[in-house]
Amino acid sequence: MSEKRNVIVRIAGAAGDGIASTGELFGKTCSRMGLHVMAYNSYQSAIRGGHVWLQLNVGEEKTRCHGEQPEVALLLNKTSPEVHIPDMKPGGIVFYDVSKIKDDLTVMRDDLNYYALDFKALCDFEGTSPVMVNVMLAGALIQAIGLDTSVGMEFFEEKFSKKGQEIVDVNQKVFNAGIEWAKENVKDFSVALKGDGTKRMFLTGNDAFGMGFIAGGLKSYAAYPMSPATGILHYLSKQAKKCKLLVKQTEDELAAANFIIGSGQAGVRAATATAGGGFCLMVEALGLAGMLEVPTVFVSVMRGGPSTGIPTKQEQADIKLVMGGNGDFPRIVIAPKDTDDAFVQAARALNLAEKYQVPVIILSDLFLSEHYQTVDPFDFSKVTIERGKYMRELPKDAARYKRYEVTDDGISPRLVPGHEGHMYCSGSDEHDEDGELVSDILAGLPRAKEVRLKMHPKRMRKEETMLKENDVLPPEITGPADAKLTLMGWGSTFDYIEDACETLRADGLSVNHLHFTDLYPMDKEKVKEILRSCNEIVAVENNMTNQMCKLILGETGFEITRSINRFDGEPFTGEYIVNEVKKKELINA
Amino acid sequence: MSEKRNVIVRIAGAAGDGIASTGELFGKTCSRMGLHVMAYNSYQSAIRGGHVWLQLNVGEEKTRCHGEQPEVALLLNKTSPEVHIPDMKPGGIVFYDVSKIKDDLTVMRDDLNYYALDFKALCDFEGTSPVMVNVMLAGALIQAIGLDTSVGMEFFEEKFSKKGQEIVDVNQKVFNAGIEWAKENVKDFSVALKGDGTKRMFLTGNDAFGMGFIAGGLKSYAAYPMSPATGILHYLSKQAKKCKLLVKQTEDELAAANFIIGSGQAGVRAATATAGGGFCLMVEALGLAGMLEVPTVFVSVMRGGPSTGIPTKQEQADIKLVMGGNGDFPRIVIAPKDTDDAFVQAARALNLAEKYQVPVIILSDLFLSEHYQTVDPFDFSKVTIERGKYMRELPKDAARYKRYEVTDDGISPRLVPGHEGHMYCSGSDEHDEDGELVSDILAGLPRAKEVRLKMHPKRMRKEETMLKENDVLPPEITGPADAKLTLMGWGSTFDYIEDACETLRADGLSVNHLHFTDLYPMDKEKVKEILRSCNEIVAVENNMTNQMCKLILGETGFEITRSINRFDGEPFTGEYIVNEVKKKELINA
Amino acid sequence: MPETTDREITVKDFKGHINPDWCPGCGDFGVLNVLQRSLAEMNIAPEDVMIVSGIGCSSNLPGFINTYGMHTLHGRSLPIAQGFKLANHGMHVIACGGDGDGLGIGVGHLIHSMRRNVDMTYIIMDNSIYGLTTGQTSPTSGFNMKTKSTPFGNPELPVNPMALAISAGCSFVARGFSGNPKQLVEIYKAAIKHKGFAFIDTFSPCVTFNKVNTAQYYRENTYDIQEDGHDSSDMQAAFARAMEDGKIGTGIFYQKERPTYETPEKETFDIPLVDQPLGVDEKLASELNAQFL
Amino acid sequence: MPETTDREITVKDFKGHINPDWCPGCGDFGVLNVLQRSLAEMNIAPEDVMIVSGIGCSSNLPGFINTYGMHTLHGRSLPIAQGFKLANHGMHVIACGGDGDGLGIGVGHLIHSMRRNVDMTYIIMDNSIYGLTTGQTSPTSGFNMKTKSTPFGNPELPVNPMALAISAGCSFVARGFSGNPKQLVEIYKAAIKHKGFAFIDTFSPCVTFNKVNTAQYYRENTYDIQEDGHDSSDMQAAFARAMEDGKIGTGIFYQKERPTYETPEKETFDIPLVDQPLGVDEKLASELNAQFL
Ligand SMILES: Cc1ncc(C[n+]2csc(CCOP(=O)(O)OP(=O)(O)O)c2C)c(N)n1
Ligand SMILES: Cc1ncc(C[n+]2csc(CCOP(=O)(O)OP(=O)(O)O)c2C)c(N)n1
Ligand code: SF4
Ligand code: SF4
Ligand SMILES: [Mg+2]
Ligand SMILES: [Mg+2]
């Protein structure tokens, strides 16, 4: 990819300046032209004000990274120049409105091209308002970098037709004013990106989770709003009628987690999502699901911690959280690697939850859940629904059903409630195969110990079965197997690390990439073998304390001693990792 | 201790049969005579019925273990013989009442001495009721093994004088009936224990925690009842007026944990206690205390898990729980080793919490918290109160106070609210040195990252300071340093392992004991060095999955591969460990 | 709305496999009996009933009755019961538990459940004490009552479950006493029949840890509000009864049917979710994709 | 009871270091202003005030006022505030936050705080929406209201904060509107003066996400119950006002002083805990040991 086939665009302003809608307009323009977009939204926990920016990397091939240095910028407010001008790539172009930004920007840097538009003059017609500055600038931008302007026109139709034709018209006129201005004033820009004409979806990881859940047969979803997980709730709420989903905003996370346990016990596929602080409130229910053996899926979206932390910023520091709970119980932890994978893993999680009758945790993060990206339409037909030992009925002459029958694989046949003659009670206390409580029937009798010694290992045995049945994805290596340096990552850093590896290899360095999607359970021997096969491992973690390295060490005894960490609230980029590798002299090629 | 200087007594029956009061009577008799008692209560999560037993090991020297095979038994109900006769030591003696147990017990075993008393006949006077059978049998027992019967008489005075002299009288008469019967009917029993005349306290670990807290300057205690932590609430409630404590039973654990954060912020020493399920509900507050840097002490008492689990049974499986929380924040985890240590560590925890302005977790367990034991009166004068960088006022001309000033040791001077001119707000969002929220003042500006990069390490640095200042107890080795086999344990298993080591050494084996009281933070190098100095380590954990081994491995990279585990709900005993060592051929002496 | 069955159902059909381990004389026996009778008299089949409880002596009930059951977490029976009910509204769902469970740690869920109005029944077995944890103060313990956690007297006003329920928009609000099975069976039947969230606070004395709120106390201090002419459709009157000093009213305080939770979402709930096919067909799949194109 | 000060206090003394980042026009500005005015008019010194909030737009308030503050967890301001107040009752403690914070996730604490009656003030800034999380339904969102999480309409009845508070035994129950500062300042002053737990639900419109409960809506649909002759010592009347359809009453619904939480425990609270010496003397130590001898 040394040939220039992408462009990085940044749109910056205050919250409320229309950053998101400009981004949507721009992103859709690209995705409908068949271009690839990777967008990152740097926003704040304040509704208005605060400084916010969106960065889009548009390319003719898949762009793995939102990039570091923008080449094109739309600056929407007074604060923007001081924040973003220094970041610009030399020779980049900057659009702004003279009423918002009055300073002479060339004083800051003279190696950029500045285009100052005058909203009042250019859009001096009825129905406009200063909040539409962004629309005008978007027109100029889209024209300037040679994209298809007709998509924008459609976009306003779709977006505003419900609000009335006048709104559509005025937006189109303002947009057009920007286009016309650019036609006249913008010198030829070096990039003219050509799409392949295939329309792609432009969506977030949260949207993809929602779609994966629907594809995987979700029927009950309960959640309490919490950034950056709320997108799933918003998405599913909209689909509720169409897809016949129960979507419930509960009074808190305690209720949400327990609600899905009720639904799971009834025999429907159920999920919830939250972020760190909310997941803290679900830990007790997680153990309940483990003990009652109720299939449930918990999405936990990481954001900057601890406590409320930096709620709209990126971090990967909740491994210890999702591994918590009182006592031991089986669970699965999956950290999807990108937007496509979010779709796949959501559906897979529902299958695994039912097959093993355990809680499955999908560990996402702010970046994965909220960044926009172009992806090909999802192939729903590839999703299979496997319900494991699920039963609605028993044969007429069946012996009295045992809900928690001890089996070799630890998984008991599961008859869901409603069937005549085989009633049972599921209890959070230790119980026997019938579900009857040790403390009710065996209180203090020596047999209580025997039951305990059968039932506790029965549940824990499921983790072994997962490994035996190859239901746990081993870490995967991309790049040359014998590379001198291995960058180890997990979850959403996949694309950045891939991007960094490509760059490093292009620079002649010998690197590969070791990626974990499934975090727990971990196949000790297999993982150790893979780790040992690497020459020199450097962990790349979006946190301060290398939580993944500690998990690997605690599970396998393999110690990774070097790492690249970022915990300032931003996601990595390929460039960031490349710089760190070089700065730390991690490799002598 | 090869000479027989102790006796193991078991009292068994249904919940409600008066096991606890018999135990108290018996225990006090011993402790006031200057004997040593270690008692374990095997009870159930049912108020009445269920089978319950209490075992007391009484000795002239410290008894470290409640033991396996009882030599004397009081059987109070019908179910008792089948459960307990098989456990008895050959030659042991059994007391029971003929109205409750009608079977011929010699059929079960003929190597025991049975004493069948007849309550109706012996206590045929006014005011008696069948629930007093235990009192009569206690009289017989105390007489039979040659203890001082006058303590019992005092005991009834103390216990019942408020209820009226008749109650006292009838109890004394029934007690005496047992004594007289034993004088006539019981053949000489081989043990006649002699106390040293020093009165000792007879109390539980929970009582000791409560006393340690009071000694350490606790002022605010909030909790929600949960076995096996409730004893602390009961103890402190009683002392509230006398010691001027705020003792609050809150509406739930969420409230309790947050309540003490409020008190801690106000500048008073504050603590809470709960068990696993309740601690799950405190995890969010734990992170809040970490972020706001509020001194707080959380006692988490482990019991059988997962979920409600086996609520009145022993397990050590909550390490992952107390290490949980979203994001990274500093904390301290202490697992006291015995009743004396409970007192010491409770007071120490309050000091560490204030010195480091962090949450401190005391990880107790059912056995430590609820078993009764004799200990010497606590030396309150040895407890010092160290408040760290605590301030009520600032000099008149002080610069504007920064609550979260960045310091080398990570600890900021702490002015508690109420002082003129230096108001601040503590926020759970990432904040600057003044406490002002990054998202309020620096939303989206590059300086937000700088602040984050200063403040997050500032907090985490406290863990390094703890190690540097030797505030973390390294694991301790007892026994010969060069032993062939090392038994590694943590928390309340201290005495069992000591007991096992003594027995094994008496058998000529070369063993020592490596014990962790402080679990976290862990001094990687120091701990590794100590672990490496051992020849062959076998972990002894009261759980199935070796949570402590995983913690050690994850923190230090040192792997312990062999272990003795017990997770049937019972605590270890020295004998149990000895048997496992021998059965597993863990050592060839 | 779940149906009754054609089979003939008797109390025996609800007899559990294990004998309750409550203390002899515990009020909870009465609640269990009345519940079994109510279901039998309504001819509801055991397999059509799910009983969900929290943790506490009272919460052991589902283990002692022959229906489907879940014995869950302290304070969390209501969200679980609602998650179950909405996933399979073909079944009758009954939640039960103690006063600590429902009015202490669980009161937040209770308030929200009442306004949500899922079609289910909730029985609190109210002994004004924490039984299972051996006698601490509960949200319905009287002001100044001495308990293990308040040896100098309870410093808080007790909650008033009737007033709270009426204010929270509960569509069926009643109070009974396990020592008055004749009245209680009628209340439980009316509650189960009620379309919407039905709440019954049931006095169920703890003989072991509460020496104040005894069966005798309730026998002497309660009266039947229906016999006293109370109009359960009158909310103001219901509130006044709830706030009465002196004798304690039992009976149906307030009842008014309104759309249940499922009503506005009838497209989703036309048949129970558990009976619906999983996943989406090709057409719907491409519609879902198209939203993002 | 915390005191007022001898220094002369003005609104300026309460001006914070940072400018609120609320959206222009947000109702929360009005609440902040009125609170600053109330404290100044009562001549309370800034250092004698602790303001504790949860999480939400409204919960950012403590960062914008010059008093001591804690900005804590969503739904947990009340336990923290009480833990603080009882540890240092020499200070005025005010808790505040949103309708989601206090009536959604936090409603359990609210109910128990009301019956507990710690001497403090609690202000809910009620915009009938989840503001900070960008517009989901809240416990006071109207039935059928369309929000991001209920695009087909809210299927739940809203909570009635006034009725709930009266039923929960709250000793001071009021409602105000940030667009009516004249009335609101009087309510806040009465609340802060009130000995016991004072609760004020304050309409504080969200201009960004709630297009229904706007300032204009409240201007047109509220009336002053005191002007209408309401007797705030009459609980039945208060309940009736709380249940009114049509126009929405503002003012003090109910007020009745009763012993505060600290009263029965006066031995402990003679001086603020924070001013008491730590640990025990020798005599008390040996008494404590003696209990177990
Ligand atoms: C989260 C949590 N906190 C505390 C407990 C301990 N606990 C068990 S039952 C109970 C209260 C029992 O009182 P109530 O709900 O009134 O039921 P009762 O036993 O009186 O029937 C408590 C606090 C628990 N199991 N889980
Ligand atoms: C435990 C937890 N759950 C969820 C959130 C996310 N969250 C932040 S504010 C908020 C609700 C905001 O609504 P409200 O309390 O009414 O305050 P407003 O913003 O409207 O003033 C939520 C759900 C959180 N911070 N913590
Ligand atoms: S302790 Fe009380 S509530 Fe529990 S079973 Fe016994 S009598 Fe019933
Ligand atoms: S989103 Fe609403 S509540 Fe939040 S600051 Fe803006 S107007 Fe106020
Ligand atoms: Mg109770
Ligand atoms: Mg709100």
Side-chain angles (χ1 to χ4, degrees), chain A residues 42 44-46 49-53 83 276-277 279-281 283-284 287-288 290-291 304-311 315 317-318 320-321 323-329 428-430 438-440 443-446 448-449 452-453 456-457 460 543-545 550 553-554 557 559 567-570, chain B residues 42 44-46 49-53 83 276-277 279-281 283-284 287-288 290-291 304-311 315 317-318 320-321 323-329 428-430 438-440 443-446 448-449 452-453 456-457 460 543-545 550 553-554 557 559 567-570:
Chain A
S42 174
Q44 307 305 324
S45 191
H51 199 74
V52 180
W53 49 270
V83 178
F279 194 86
C280 290
L281 298 174
V283 173
E284 193 192 14
L288 179 67
M291 189 62 155
S307 198
T308 310
I310 32 178
E315 197 177 25
D318 290 353
K320 286 195 297 184
L321 173 64
M323 291 302 297
N326 60 308
D328 288 307
F329 55 91
S428 62
D429 279 74
E430 187 60 277
V438 164
S439 51
D440 276 345
L445 303 181
K449 293 193 247 177
R452 168 72 173 176
L453 289 174
H456 192 39
M460 295 309 290
N543 61 39
M544 181 176 163
T545 59
K550 282 201 183 179
L553 179 55
E559 188 164 9
F567 57 91
D568 62 359
E570 298 299 321
Chain B
S42 175
Q44 306 306 324
S45 191
H51 199 74
V52 180
W53 49 270
V83 179
F279 195 86
C280 289
L281 298 174
V283 172
E284 193 193 12
L288 179 66
M291 189 60 154
S307 198
T308 310
I310 31 178
E315 196 176 27
D318 290 353
K320 287 195 298 185
L321 173 64
M323 290 302 297
N326 61 308
D328 288 307
F329 55 91
S428 62
D429 280 72
E430 188 60 277
V438 164
S439 51
D440 276 345
L445 303 181
K449 292 192 248 177
R452 169 71 174 177
L453 290 174
H456 192 39
M460 295 308 290
N543 60 40
M544 180 177 165
T545 59
K550 281 200 183 181
L553 180 54
E559 188 164 8
F567 58 90
D568 62 0
E570 298 298 322

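A, B, ... follow the sequence lines: proteins, then strands. Residue 1 opens every chain.
- Residues Val83(A) and Pro446(B) come closest through the heavy atom pair CG1-CD, 3.9 Å.
- Between the OG1 atom in Thr545(A) and the CE atom in Met460(B) there is a gap of 5.5 Å [rounded to 0.5 Å].
- Here the closest non-hydrogen pair linking Val283(B) and Cys280(A) is CG1-SG, 3.7 Å.
- Every residue meeting the side chain to side chain contact (heavy atoms under 4.5 Å, CB included) condition with Leu281(A), not counting sequence neighbours, appears here in chain and number order: Glu253(A), Leu254(A), Leu254(B), Glu284(B), Arg76(D), Ile105(D).
- With chain A as partner, the option from Thr308(B), Asn543(B), Leu453(B), Ile310(B) having the largest number of non-hydrogen pairs under 4.5 angstrom is Thr308(B).
- Per-residue heavy-atom pair counts under 4.5 Å with chain A were compared for Glu315(B), His456(B), Glu570(B), and the maximum is reached by His456(B).
- Of all the listed residues (Gly304(B), Gly290(B), Pro457(B), Gly309(B)), the one sharing the greatest number of non-hydrogen pairs under 4.5 Å with chain A is Gly309(B).
- Contacts of Phe279(B) with chain A are absent, with no heavy-atom separation under 4.5 Å from either backbone or side chain.
- Between Ser307(A) and Met291(B), the shortest heavy-atom contact is CB-CB, 3.7 Å.
- Each of Gly557(B), Gly569(B), Gly325(B) has some count of heavy-atom pairs under 4.5 Å with chain A, and the biggest count is that of Gly325(B).
- The side chain to side chain contact (heavy atoms under 4.5 Å, CB included) check on Lys320(A) picks up Gln547(A), Met323(B), Asp328(B), Arg331(B), with sequence neighbours excluded.
- Closest approach of Gly277(B) and Asn326(A) over heavy atoms only: N-ND2, 3.6 Å.
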